[in-house]
Amino acid sequence: MKKVEAIIRKSKFDEVKAALHQVEVNFFSYWDVTGVGNEQQGHVYRGISYSTSEIQRRFLSIVVSDEFLDRTVKAILSSAATDRVGDGKIFISNIEEAYRIRTGDKGSKSLN
Amino acid sequence: MKKVEAIIRKSKFDEVKAALHQVEVNFFSYWDVTGVGNEQQGHVYRGISYSTSEIQRRFLSIVVSDEFLDRTVKAILSSAATDRVGDGKIFISNIEEAYRIRTGDKGSKSLN
Amino acid sequence: MKKVEAIIRKSKFDEVKAALHQVEVNFFSYWDVTGVGNEQQGHVYRGISYSTSEIQRRFLSIVVSDEFLDRTVKAILSSAATDRVGDGKIFISNIEEAYRIRTGDKGSKSLN
Amino acid sequence: MICTALVFIMHLGFSFLEIGLTRQKNTINILFKNFFIITMGLLVYCLGGFNLMYPGFEEGANGVLKFAGFGITAPEGGMEFGYADGGYTWWTDFLFQGMFAATAATIVSGAVAERIKLSSFMFFSLIYVGLVYPIVGSWKWGGGFLDRWGFYDFAGSTLVHSVGGWAALIAIYVLGARVGKFDEQGKPKALLGHNIPLAAAGVLILWLGWFGFNGGSVLSADPALTSLTLVTTSLAAAAGGASAAMFSTLLYKNYDLTMFMNGILGGLVGITAGADQMSPTDAILIGSIAGIIIVLGVALIDRLKLDDPVGAVAVHLICGIWGTLAVGIFGSMAGWTQFLVQLAGVGIIGAFCVVSSGILLFAIKAAMGIRVSREEEIKGLDLAEHGMDAYADFRLNQH
Amino acid sequence: MICTALVFIMHLGFSFLEIGLTRQKNTINILFKNFFIITMGLLVYCLGGFNLMYPGFEEGANGVLKFAGFGITAPEGGMEFGYADGGYTWWTDFLFQGMFAATAATIVSGAVAERIKLSSFMFFSLIYVGLVYPIVGSWKWGGGFLDRWGFYDFAGSTLVHSVGGWAALIAIYVLGARVGKFDEQGKPKALLGHNIPLAAAGVLILWLGWFGFNGGSVLSADPALTSLTLVTTSLAAAAGGASAAMFSTLLYKNYDLTMFMNGILGGLVGITAGADQMSPTDAILIGSIAGIIIVLGVALIDRLKLDDPVGAVAVHLICGIWGTLAVGIFGSMAGWTQFLVQLAGVGIIGAFCVVSSGILLFAIKAAMGIRVSREEEIKGLDLAEHGMDAYADFRLNQH
Amino acid sequence: MICTALVFIMHLGFSFLEIGLTRQKNTINILFKNFFIITMGLLVYCLGGFNLMYPGFEEGANGVLKFAGFGITAPEGGMEFGYADGGYTWWTDFLFQGMFAATAATIVSGAVAERIKLSSFMFFSLIYVGLVYPIVGSWKWGGGFLDRWGFYDFAGSTLVHSVGGWAALIAIYVLGARVGKFDEQGKPKALLGHNIPLAAAGVLILWLGWFGFNGGSVLSADPALTSLTLVTTSLAAAAGGASAAMFSTLLYKNYDLTMFMNGILGGLVGITAGADQMSPTDAILIGSIAGIIIVLGVALIDRLKLDDPVGAVAVHLICGIWGTLAVGIFGSMAGWTQFLVQLAGVGIIGAFCVVSSGILLFAIKAAMGIRVSREEEIKGLDLAEHGMDAYADFRLNQH
Ligand SMILES: Nc1ncnc2c1ncn2[C@@H]1O[C@H](COP(=O)(O)OP(=O)(O)O)[C@@H](O)[C@H]1O
Ligand SMILES: Nc1ncnc2c1ncn2[C@@H]1O[C@H](COP(=O)(O)OP(=O)(O)O)[C@@H](O)[C@H]1O
Ligand SMILES: Nc1ncnc2c1ncn2[C@@H]1O[C@H](COP(=O)(O)OP(=O)(O)O)[C@@H](O)[C@H]1O
């Protein structure tokens with residue numbers, strides 16, 4: 001099993017979610033993070049204008065069986081891109097074991 | 001060393017925490033995530049009733065030495081289950097190195 | 001590629017960020033977590049004083065190429081320490097693949 | 001004077017309500033709009049609106065349009081306490097009316113929230129407060145033709161609330177729904193308000209303000225009438241809230257606080273036209289019906305694929321009409337002729353508002369665009385138009 | 001009339017205070033309860049409560065119970081300004097008293113927050129506002145037997161605050177503590193309030209409202225007396241806050257804002273019974289003592305294993321009793337006999353409230369259940385009973 | 001009396017504004033400071049301040065300093081309605097003035113927020129409210145020498161706002177900037193306010209309060225004058241907000257809500273000195289200029305490397321001076337001599353405040369320290385000094 005961690009624009013979340021559902025990835029968790037990267041965002045506050053590279057992003061954590069990996073990555077790549085700096089990253093890592101708490105099931109059958 | 005990531009019901013957190021303390025796992029970090037899965041939750045807002053599969057969950061990240069792995073998983077499995085859809089998952093992955101910032105200690109002695 | 005996960009004091013964040021920039025680690029994501037550990041914090045509320053070991057921490061997730069690993073860890077170790085209980089941890093794990101969503105680039109060239 | 005203060009604080013109520021029932025990413029924008037309305041509304045009304053509204057129609061003139069000149073200067077004798085029927089001065093009157101005028105624009109503000117272009121909205125509300133509202137107002141309160149016909153609108157169910165409500169209706173039609181409000185099948189989805197405690201506070205503050213709105217509209221310090229007015233106002237509000245809460249609980253099997261809140265407002269708007277003509281029992285009846293209207297009205301708006309984040313059309317337009325007609329049905333003026341006069345007033349004012357706001361909005365749409373880009377809308381107007389966050393220290397979800 | 005508005009806005013203050021000192025997961029529920037109390041309280045009081053409270057006891061009757069019929073109709077002459085001692089009309093009086101009545105239920109609402117079943121609470125508060133409160137009220141303000149004995153309670157330390165406070169005490173006893181309030185050893189734990197700024201705003205709004213509560217209870221526009229009342233009210237509030245803050249700082253080595261806030265409220269409740277009888281110095285003394293009582297009272301409630309999220313019992317019951325007794329100790333009515341009469345009044349009313357609310361609550365518990373399930377409580381009443389979030393756009397912790 | 005209530009509620013406005021424009025980690029601290037000011041301010045003012053301010057200077061005395069004894073007791077005849085010019089009683093007067101006094105300290109509170117040591121601040125504000133403010137006040141409102149010179153300050157542009165503003169200026173100079181406010185190159189950085197809706201509510205509540213501040217300062221119930229005052233007040237506020245918003249939009253290409261809010265306050269402070277002397281047009285002019293002053297003033301403070309989180313110096317000091325001078329430029333008192341008298345008054349009072357607050361602050365700094373440690377500041381004063389979170393259930397960012 002693999003863990004796919006995707007850091008995307010918040011405004012792209014709905015599209016990414018739809019794309020994942022399309023390829024039948026219906027199980028994941030997400031939260032919001034602050035990303036430090038290339039993109040800059042302008043602000044003004046009480047007469048001080050400033051720009052920050054700290055931008056709110058959404059972090060998706062999706063654990064999939066090995067055969068689902070490819071289509072998951074593709075679904076995200078195609079749905080999250082805007083071609084402007086700041087689209088985010090996808091990281092893949094290995095998951096050694098998975099359990100479904102409700103049943104105690106192990107392995108990839110616990111994933112969905 | 002292993003990283004145990006558990007996604008549980010928020011309402012079960014106190015019990016899980018107690019169970020972990022029981023098996024002497026006293027060090028971990030947690031945060032709240034939104035989970036997409038099988039469980040559905042009904043809502044009504046200004047006359048529109050809808051149900052969503054996006055439910056707030058608590059995400060626990062616990063790094064343990066290999067010999068602690070088993071009891072940690074068991075403690076979570078037994079304390080977080082309600083036997084209804086939506087109990088969550090546990091994922092195990094490998095941690096290559098760990099440091100305690102205060103002392104600079106490496107390895108599993110840095111874990112507690 | 002490696003993932004460096006650092007759990008630090010919130011109040012040390014600005015220093016850590018500066019130290020990371022120093023060693024040219026300009027890309028990462030962070031979020032706030034609650035940490036359970038040794039440190040205790042005293043509170044009073046409506047006449048009840050209590051102390052809790054649940055303390056807000058900042059969680060940094062930094063994916064770096066293998067050759068950057070060392071200096072990243074060192075930068076964090078040196079900038080996040082106060083030598084008092086509660087300075088936090090660093091965990092290193094393996095990342096199998098990384099993608100830049102904007103371009104679809106793979107591997108360590110996608111990291112910055 | 002105190003009533004002026006109470007009506008002023010209604011703007012806080014409206015702001016809270018509007019903020020509370022929308023998403024956090026547009027909070028700054030909403031506040032900016034509301035601050036704009038209060039300040040510029042007052043200034044514009046001072047510049048010309050007041051004299052357009054109270055032009056002093058001559059005997060025998062048709063009483064449709066007259067303008068008494070720019071700026072405000074007290075008429076001779078206006079400074080004395082005995083001005084008009086006594087009990088208040090010319091200055092108080094101006095301020096009180098100015099606060100009213102701004103209210104009409106605020107109603108629109110709520111309905112168009114989260115997607116209108118700020119500059120377009122500012123332009124629209126200037127014209128509406130400075131021109132359309134006072135013209136309509138002059139027909140009745142300025143002593144124009146509706147007044148001569150015997151049309152009765154005590155504190156503005158039609159003259160304030162419907163005038164705002166019609167513009168709100170046209171505006172949400174012209175604007176279209178917010179991204180995500182209807183799915184592909186056209187089924188309405190819930191876009192949740194982000195701060196219900198503030199919204200609830202807004203409702204209570206509005207109720208408080210209505211004491212000034214209705215109480216002050218007695219326009220004399222006659223304590224018997226004023227206190228009756230306060231009783232009818234409160235009872236209608238209570239009845240409106242209670243009936244909306246009960247009705248929506250029956251309908252949706254759920255204690256829906258937002259319906260409760262809208263019901264209270266509906267009851268308040270409903271009683272406004274005849275607050276001084278009703279007995280307590282009448283007030284409770286009017287309020288109860290208003291509460292049911294609200295529940296159905298909100299559903300109707302959704303059915304029509306219109307998107308009204310705060311329920312402004314149901315509350316201000318539909319209940320405004322109901323309240324105006326109710327003067328012909330309940331209370332001491334009830335009667336068939338009165339009902340017809342009320343109906344005529346509602347119709348004429350409605351037609352005028354629909355036409356004028358329609359022309360205005362389409363002109364704005366053509367000339368400068370009326371809606372922000374899809375991307376700005378998703379990002380939120382706070383960042384897109386103001387570069388500022390409402391809650392910088394909080395972790396937020398995004399919808 | 002203005003005082004009515006001020007008393008009305010107290011409900012916003014109570015709502016804010018209660019929301020602020022509880023957890024976010026029950027916010028909608030609390031607001032719903034408060035809206036219910038305001039609207040239905042007013043309607044029920046209108047239906048029968050007012051006439052139960054001011055039945056016009058005949059000379060020579062024992063003055064314990066009389067009911068003047070359903071609904072409200074102004075007595076002859078009530079519409080004129082000169083009604084009663086003058087200065088206000090019958091309508092104003094009704095509205096003012098109706099707002100008071102609702103206050104008693106609001107006090108209970110705060111104490112039982114976060115665990116009571118909504119339907120049971122609604123039922124309870126209807127009966128309490130519609131029956132128990134007016135019966136007690138009639139004994140004094142309605143001219144009943146306590147009034148004849150010379151019992152003095154200017155604006156309701158006992159008649160409003162204790163009546164609410166006793167019910168709160170019984171209710172938290174019947175209900176039991178919230179999950180997690182006491183650990184296995186019975187040590188109290190802190191369940192943190194989630195929005196202290198709103199709670200603080202609630203306190204200031206309540207203070208403001210008390211200007212109306214006490215100021216309006218002069219029930220005549222006598223400016224000398226009214227202004228003295230405002231001064232004593234303010235000074236007692238200030239003294240209560242200051243002494244509670246200082247005392248708790250000494251006790252807990254910590255600047256505890258929540259004690260500061262409760263102290264202010266304690267001072268206000270304490271002065272309520274004799275606001276027109278005290279000199280400024282007396283007021284400061286009464287307030288200071290109330291502040292200390294609060295700090296000890298809150299600790300006492302915890303010691304008794306009772307769970308009162310907002311401190312309603314300490315503030316309204318204990319300080320209410322203190323304030324009533326203080327009329328016999330300080331100020332122009334002080335004296336041994338007066339003290340005994342006050343004590344008797346406190347005792348009789350206390351007994352009546354304890355018994356009636358006890359019967360009522362146990363009956364409700366038996367008939368329909370009074371507490372939500374453990375699971376619903378942990379999940380939060382907002383989701384469990386309303387299917388709605390108070391702060392949809394915010395990331396939240398769960399306790 | 002109502003005006004007293006309105007002025008009281010200004011403290012809620014100030015609290016909201018201050019909270020909203022600072023970071024969440026200092027919220028409890030700010031509330032504690034404000035509660036302290038209200039309660040202790042009132043008590044201290046009662047103890048001695050009032051008699052220091054209105055000592056009844058004898059004919060022929062130089063009118064600089066006199067103290068009429070501790071405590072408050074109504075002078076003979078003070079209880080009657082006809083006290084002074086009539087329209088209010090001695091008690092009302094005390095309460096009204098006490099609320100004013102506390103305002104001066106609140107202004108300082110905003111400027112020093114997020115870094116001052118609580119105990120030092122409490123000490124400072126006691127002395128300032130109890131001694132410095134009433135001494136200055138006695139020179140004009142107490143009938144002292146400035147009054148005899150013909151200095152005019154209707155409701156306190158100088159006597160309240162500048163007095164607070166000067167102390168704020170000195171205090172932020174003595175304290176230094178918050179950690180992170182200026183980077184190594186001395187470039188100002190934005191430390192974002194965490195709750196803009198509350199801040200906006202604060203502004204509207206302050207506006208409301210100003211109706212009482214200025215309206216009540218007529219100190220008689222003359223309706224003509226009072227209502228004129230309300231009109232000028234409102235128009236100046238509206239003009240201030242509008243001009244600040246427009247000017248900052250031009251300058252920074254951005255609809256900056258915080259400037260809008262500060263502009264409204266600037267307009268209010270600006271009109272305060274001459275609210276009863278101005279025509280509506282004068283008021284609009286004064287307000288507009290105040291709005292521009294605000295935008296420039298905020299930038300100037302930043303340029304001077306001073307750190308004023310809420311803009312207190314720009315709003316209260318600079319606009320306070322502007323408003324006082326404006327009495328010599330616009331309105332019915334305008335004239336060269338009047339202008340010079342106003343200038344003299346501003347200068348003398350300024351010098352006195354600078355010197356006295358300077359001495360006081362340096363003494364405090366030397367004796368007990370004035371600023372929290374760097375670590376406590378970063379952690380937030382709520383945790384460091386109060387051990388409490390303002391928003392326990394929310395996930396928060398840290399800045
Ligand atoms: N090495 C990394 N480790 C963790 N998060 C990263 C890393 N690199 C980028 N990110 C996340 O991706 C986001 C987008 O990156 P950015 O450099 O702005 O744009 P792009 O990926 O288009 O070049 C960042 O805000 C950050 O949250
Ligand atoms: N493959 C996955 N990757 C990440 N999180 C998951 C995954 N599967 C489930 N989860 C998390 O677990 C939660 C519970 O899953 P759900 O399917 O609702 O119930 P159950 O596990 O009992 O079948 C989800 O809300 C989600 O947060
Ligand atoms: N094994 C672990 N897994 C996950 N997080 C941990 C672990 N151990 C410590 N932490 C995190 O590090 C923080 C600091 O740990 P603590 O024991 O308080 O201090 P120290 O590391 O100085 O001994 C904790 O609050 C927790 O967030």
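Letters A, B, ... are given to chains in the order of the sequence lines, protein chains preceding strands, and every chain is numbered from 1.
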Worksheet item: Out of curiosity, E/L208 CG to F/L12 CG, how far, rounded to the nearest 0.5 Å?
Response: 9.0 Å
Worksheet item: Between E/Y391 and F/F394, how do the two ring planes meet: parallel, tilted or perpendicular, split at 30° and 60°?
Response: perpendicular
Worksheet item: When rounded to the nearest 0.5 angstrom, what distance separates CZ in F/F94 from OG in E/S234?
Response: 8.0 Å
Worksheet item: Quick one: of F/N29, F/I30, F/L118, who has the most non-hydrogen atom pairs under 4.5 Å with chain E?
Response: F/L118
Worksheet item: Closest approach of F/A392 and E/G193, non-hydrogen atoms and distance?
Response: CB-O, 3.6 Å
Worksheet item: Rounded to the nearest 0.5 Å, how far apart are CG of F/N195 and CG of E/L198?
Response: 8.5 Å
Worksheet entry | chain F-proximal positions within residues 253-263 of chain E [heavy-atom distance under 4.5 Å] | E/N254, E/Y255, E/D256, E/L257, E/T258, E/F260, E/M261
Worksheet item: Closest heavy-atom contact between E/P197 and F/F16?
Response: O-CE1, 4.2 Å
Discussion item. Could you measure the distance from the CH2 atom of E/W207 to the CZ atom of F/F8? Nearest 0.5 Å is fine.
Written reply: 5.0 Å
Worksheet, complete the sentence: Heaviest contributor of heavy-atom pairs below 4.5 Å to chain E, chosen from F/I19, F/I28, F/T27, is F/I28
Practice prompt. Could you grab the distance from atom CE of F/M388 to atom CD1 of E/I196, nearest 0.5 Å is fine?
Written response: 6.5 Å
Worksheet item: For chain F, which of E/A200, E/G241, E/G212 has the most heavy-atom pairs under 4.5 Å?
Response: E/A200
Fill in: Check: F/D393 side chain, E/Q24 main-chain N or O, donor-acceptor pair, under 3.5 Å
yes
Discussion item. Let's go through F/C46 and E/V231 carefully: what are the C-alpha distance in whole Å and the side-chain angles of both, what is the deciding distance for side chain to side chain contact (heavy atoms under 4.5 Å, CB included) to 0.1 Å, and is it a yes or a no?
Written reply: CA-CA 10 Å; F/C46 163; E/V231 171; over 6 Å; no
Worksheet item: Got F/L95 and E/L235 here, is their nearest side-chain heavy-atom distance under 4.5 Å?
Response: no
